[in-house]
Asker: 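Got a structure for you, questions after.
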Amino acid sequence: MASKNTSETGAVAAATAEPGPYLAPGVAGAAKIMVVGPLGVGKTSLIGSVSEIEPLVTEAVMTRAGSRVDTAPAAKRTTTVAFDFGRMTLGGELVLYLFGTPGQPRFLPAWRGLATGALGALALVDTRDLSAAFDSLGHLEDLDLPFAVAVNRFPDSPDLPEDDLRLALDLLPSTPMTVCDATERGSCVRSLIALVRHLLTAATETR
Ligand SMILES: Nc1nc2c(ncn2[C@@H]2O[C@H](COP(=O)(O)OP(=O)(O)O)[C@@H](O)[C@H]2O)c(=O)[nH]1
Ligand SMILES: [Mg+2]
């Protein structure tokens, strides 16, 4: 157990050792990863926390017209109008290209195009409103895209046992679930590592 923790700490530290515009010389592979979830769950924050390049963010100030269709937390003043994009190198070898995908139901038809070539997804969940995650999770299942769940903790998030969360979200036992703070890099990297491990296991099993 101790060695797993040590290697995980090392992997987190090595994730973006040298942020910059150029790929690390040892990069051997790349994966397109979607970061999905409802409005306000923390997608833009997570990509901003881990990206080693200036993330491409397509935020717009929410208008009164938009507020009729997008129900957002009171403190939220902007919304993603296309998608977020960032890049993170894991262990100096594997580059993850992260596509943050708007969670509002009207964007769901666009997912089919955005998901083309994606290896998997990190589904962000807010325990203050679990039902808001259903659209994204359902769509991942429709697209047959493997995913891991990351519970983004806010200061006022209720503490729910993992089993209850799994039941409420109807997750398979094999679906990884981590807890993160989208504004804190280390926890976001750990969630992405859990996803990549899951994708590697799935790929090995189907070989
Ligand atoms: N305290 C705290 N605030 C967060 C966290 N994640 C997101 N936020 C805040 O919640 C709001 C919505 O986050 P955002 O990343 O824009 O959500 P998105 O709509 O999924 O892209 C922003 O004001 C963030 O600063 C978190 O883990 N902790
Ligand atoms: Mg956003």
Side-chain angles (χ1 to χ4, degrees), residues 12 15-16 32-88 96-111 113-115 118 120-140 143 145 147-160 162 165 169 176-195:
V12 171
T16 51
K32 175 179 175 181
I33 299 291
M34 314 242 311
V35 177
V36 307
L39 182 63
V41 78
K43 302 176 295 294
T44 300
S45 306
L46 182 141
I47 291 175
S49 294
V50 300
S51 186
E52 60 209 15
I53 54 170
E54 191 66 37
L56 171 69
V57 177
T58 52
E59 293 282 293
V61 174
M62 278 200 268
T63 61
R64 203 169 287 188
S67 72
R68 277 182 292 145
V69 281
D70 291 337
T71 43
K76 193 160 163 64
R77 298 270 174 264
T78 63
T79 188
T80 304
V81 288
F83 57 84
D84 301 307
F85 174 72
R87 190 193 81 200
M88 188 190 80
L96 303 184
Y97 291 103
L98 304 170
F99 288 74
T101 309
Q104 294 96 311
R106 69 176 182 279
F107 284 107
L108 294 184
W111 275 38
L114 280 168
L122 188 66
L124 286 177
V125 167
D126 180 348
T127 53
R128 298 172 305 177
D129 184 5
L130 283 180
S131 62
F134 293 163
D135 280 327
S136 301
L137 295 177
H139 223 62
L140 292 175
L143 292 174
L145 199 61
F147 65 90
V149 167
V151 176
N152 184 21
R153 279 199 63 94
F154 291 80
D156 56 339
S157 292
D159 235 337
L160 301 176
E162 180 173 332
L165 277 173
L169 297 170
M177 178 184 280
T178 51
V179 177
C180 72
D181 172 343
T183 62
E184 193 269 314
R185 178 178 161 275
S187 67
C188 300
V189 172
R190 276 189 287 276
S191 295
L192 286 163
I193 288 174
L195 168 64

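In listed order, ligands and their atoms are each counted from 1.
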Asker: If we only count N/O pairs under 3.5 Å, is Ala182 in contact with ligand 1?
Answerer: yes

Asker: Does Gly100 have a non-hydrogen atom less than 4.0 Å from ligand 1?
Answerer: no

Asker: Below 4.0 Å, non-hydrogen atoms only: which portion of Pro155 touches ligand 1? Side chain, backbone, both or neither.
Answerer: side chain

Asker: Counting backbone and side chain alike, does Thr44 bring an N/O/S atom below 2.8 Å of the Mg ion (ligand 2)?
Answerer: yes

Asker: Applying a heavy-atom cut-off of 4.0 Å, say which part of Glu184 lies close to ligand 1: side chain, backbone, both or neither.
Answerer: neither

Asker: In ligand 1, which numbered atoms sit nearer than 4.0 Å to a non-hydrogen atom of Arg153?
Answerer: 26 (C), 27 (O), 28 (N)

Asker: Check Ile53, Val189, Ile47, Ile33 against Met88 for a side-chain contact (heavy atoms from CB on, under 4.5 Å) and give me the one that passes.
Answerer: Val189

Asker: Does ligand 1 come near enough to Val41 that some N or O of the ligand is less than 3.5 Å from an N or O of the residue?
Answerer: yes

Asker: Apply side-chain contact (heavy atoms from CB on, under 4.5 Å) to residues Met177 and Val151 and explain how you reach the verdict.
Answerer: CA-CA 7 Å; Met177 178 184 280; Val151 176; 4.1 Å; yes

Asker: Please evaluate residues Asp84 and Val35 with respect to the criterion side-chain contact (heavy atoms from CB on, under 4.5 Å), reporting the C-alpha separation (whole Å), side-chain torsions for both, the decisive distance (0.1 Å), and the verdict.
Answerer: CA-CA 9 Å; Asp84 301 307; Val35 177; over 6 Å; no

Asker: Quick one: does Ser49's side chain have a donor or acceptor within less than 3.5 Å of a partner on Ala182's backbone?
Answerer: yes

Asker: Should you measure from each heavy atom of Asp181, which atoms of ligand 1 turn up under 4.0 Å away?
Answerer: 26 (C), 27 (O), 28 (N)

Asker: Would Gly40 count as a contact of ligand 1 if the rule is a heavy atom under 4.0 Å away?
Answerer: yes

Asker: Is there a side-chain contact between Phe134 and Leu169, using heavy atoms and a 4.5 Å cut-off?
Answerer: yes

Asker: Main chain of Glu184, side chain of Ser187: is a donor-acceptor contact present, judged purely on distance under 3.5 Å?
Answerer: yes

Asker: Relative to the heavy atoms of Pro38, which atoms of ligand 1 are at a distance of less than 4.0 Å?
Answerer: 20 (O)

Asker: So, Ser131 versus Asp129: side-chain donor-acceptor pair below 3.5 Å or not?
Answerer: yes

Asker: Tell me, with the steps shown, if Arg153 and Asp159 meet salt bridge (charged side-chain N to carboxylate O under 4.0 Å, His left out).
Answerer: CA-CA 9 Å; Arg153 279 199 63 94; Asp159 235 337; 3.1 Å; yes

Asker: Is the shortest N/O to N/O distance between Phe154 and ligand 1 below 3.5 Å?
Answerer: no

Asker: So which bit of Asn152 gets within less than 4.0 Å of ligand 1, heavy atoms only: side chain, backbone, both or neither?
Answerer: side chain

